[in-house]
Amino acid sequence: MGLNLKPLVTSNPIKISDLNRKVVSIDAFNVIYQFLATIRGPTGELLTNNQGDPTSHLSGLFYRNINLMCDGIQLIYIFDGRPHKLKTGEIERRRKAKQDATEKYNLALQEGRIDDAKKFSQGTSMLTSNIVEESKNILSLMGIPHITAPSEGESTAAYLSKQEVAYSCVSQDYDSILFGAKRLIRNLTVSGKRKIPNRNVYIDIEPELIEYDQVLKSNNLTHEQLIDLGILIGTDFNPDGFSGIGPKNALKLIQKHKKLEDIDKIRDELSNTPYQEIREIFLNPEVIDIGDLNLQFKDLDKEKTIKFLCDEKNFSYERVNNYIEKLDKHILKKSQSLDKWF
DNA sequence: CACGAGGA
DNA sequence: TCCTCGTGG
């Protein structure tokens with residue numbers, strides 16, 4: 001899994017309304033995976049159109065984006081580009097986990113264990129190129145800008161936040177903090193509903209803000225030390241981390257020894273870890289050139305959105321139309337309240 | 001995950 | 001108006 005910084009960060013609860021008129025850069029693969037994992041039918045099957053093509057990602061993106069836009073939040077989606085070569089181990093690990101989940105899912109389905117089927121289905125999602133292209137398409141139709149990063153999406157998202165093109169990153173993972181993002185928002189949903197992994201139970205979770213400065217200050221670390229700490233716990237580029245070292249332990253070690261090279265008890269493991277290269281990935285990642293950026297927040301194209309979702313993907317016309325009209329009303333209200341100032 | 005109908 | 005629950009595609 002991703003880097004587990006949770007025990008070391010202070011999370012500040014925020015309200016959706018705090019983000020009014022702010023730009024946030026969303027880790028596209030992260031949210032699309034969530035939608036594919038959770039937006040499923042009774043036996044764990046993906047929602048599809050009548051051709052059998054998956055539509056769960058489109059449902060999630062359409063409804064959530066409109067909700068967030070109604071709250072005045074400006075969205076930019078960041079897609080992953082080519083993964084770094086050190087990520088191949090992690091990619092292989094995920095592929096195996098997916099295969100394993102798929103086998104368990106099929107078996108549960110075969111044996112009629114519906115709850116198990118639904119549970120295992122969550123881990124089977126494949127982000128196909130079709131799903132990626134369709135996701136980019138619905139974003140364009142909704143007037144939401146998207147960027148395909150040269151490498152990791154998280155690093156480009158972090159860069160936008162560092163350069164204050166965006167107020168904050170949005171992701172469930174903590175990697176963007178290691179990439180130097182000024183802020184990270186987790187649990188950015190409107191309904192506040194989130195599934196507990198492995199259980200068919202939902203609890204209320206509110207959005208939370210994590211601040212880079214606060215993470216460094218509260219743990220008394222520099223950026224370089226935070227990266228070393230991440231490497232100890234395990235990043236996408238060394239997913240296993242170091243044996244017997246979790247977040248708390250890693251923090252103690254870094255606070256005491258300041259850097260990886262000075263921790264005696266990991267010397268052997270360290271010699272088998274490309275830690276200098278991993279440091280470089282986080283400190284000097286390959287990112288987009290801000291000058292090349294063309295971020296235009298446009299109006300939703302009502303006709304084309306309905307054509308795509310309803311005609312091509314068999315969404316309910318009534319629901320889609322209602323939602324677009326809801327967005328129209330919010331935009332109208334906003335421009336009226338703005339008029340009062342002038 | 002999120003909608004929306006229906007009951008409290 | 002809030003919450004639960006079945007359904008969406």
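In what follows, chains are A, B, ... by sequence order, proteins preceding strands, each numbered from 1.
In this structure, A:K313 atom NZ and C:dG9 atom C1' are separated by 11 Å, rounded to whole Å. For the pair A:L36 CG and B:dA2 P, the computed distance is 14 Å after rounding to whole Å. What separates CZ of A:F35 from C1' of C:dG8 is a distance of 14 Å, to the nearest Å. Residue A:N322 contributes atom CG, which lies 14 Å from atom C1' of C:dG8 at whole-angstrom precision. Remark: C1' of C:dT7 and CD of A:E318 are 14 Å apart, rounded to the nearest angstrom. Summarising the geometry, the separation between CG on A:N49 and C1' on C:dG8 is reported as 13 Å, rounded to the nearest angstrom. If you take CZ of A:R40 and C1' of C:dG9, they are 13 Å apart, rounded to a whole angstrom. If you measure from atom CG of A:D311 to atom P of C:dG9, you get 13 Å, rounded to the nearest angstrom.
Residue A:T48 is in base contact, counting any heavy-atom pair closer than 4.0 Å across all strands shown. At the heavy-atom level, A:E45 lies under 4.0 Å from base atoms of the strands shown. Using a 4.0 Å heavy-atom cutoff across all strands shown, A:L58 reaches no nucleic acid atom at all. Residue-level contact check: A:N67 touches the backbone only, with heavy atoms under 4.0 Å from sugar-phosphate atoms and none from bases. Residue contacts shown for A:S56 are absent, as no nucleic acid heavy atom lies under 4.0 Å away.
Remark: the A:E45 side chain and the A:T43 side chain contain an N/O donor-acceptor pair separated by less than 3.5 Å.
Ring centroid separation for the pair A:F282 and A:H223 does not come in under the 6.0 Å cut-off.
Listed nucleotides: B:dA2, C:dG8, C:dG9. Nearest to the side chain of A:F315: C:dG9.
Salt bridge annotation for A:K259-A:E261: absent, with no cationic side-chain nitrogen under 4.0 angstrom from a carboxylate oxygen. At a threshold of 4.0 Å, the pair A:K307-A:E303 does not count as salt-bridged, since none of the basic side-chain nitrogens sits closer than that to a carboxylate oxygen.
Remark: A:R64 is in phosphate contact with B:dA2, judged by side-chain N or O atoms under 4.0 Å from OP1 or OP2.
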> Should A:E90 and A:N238 be marked as a side chain to side chain donor-acceptor pair (under 3.5 Å) after you check the CA-CA gap, both sets of side-chain angles, and the distance that decides it?
Replying inline: CA-CA 8 Å; A:E90 172 64 8; A:N238 66 318; over 6 Å; no
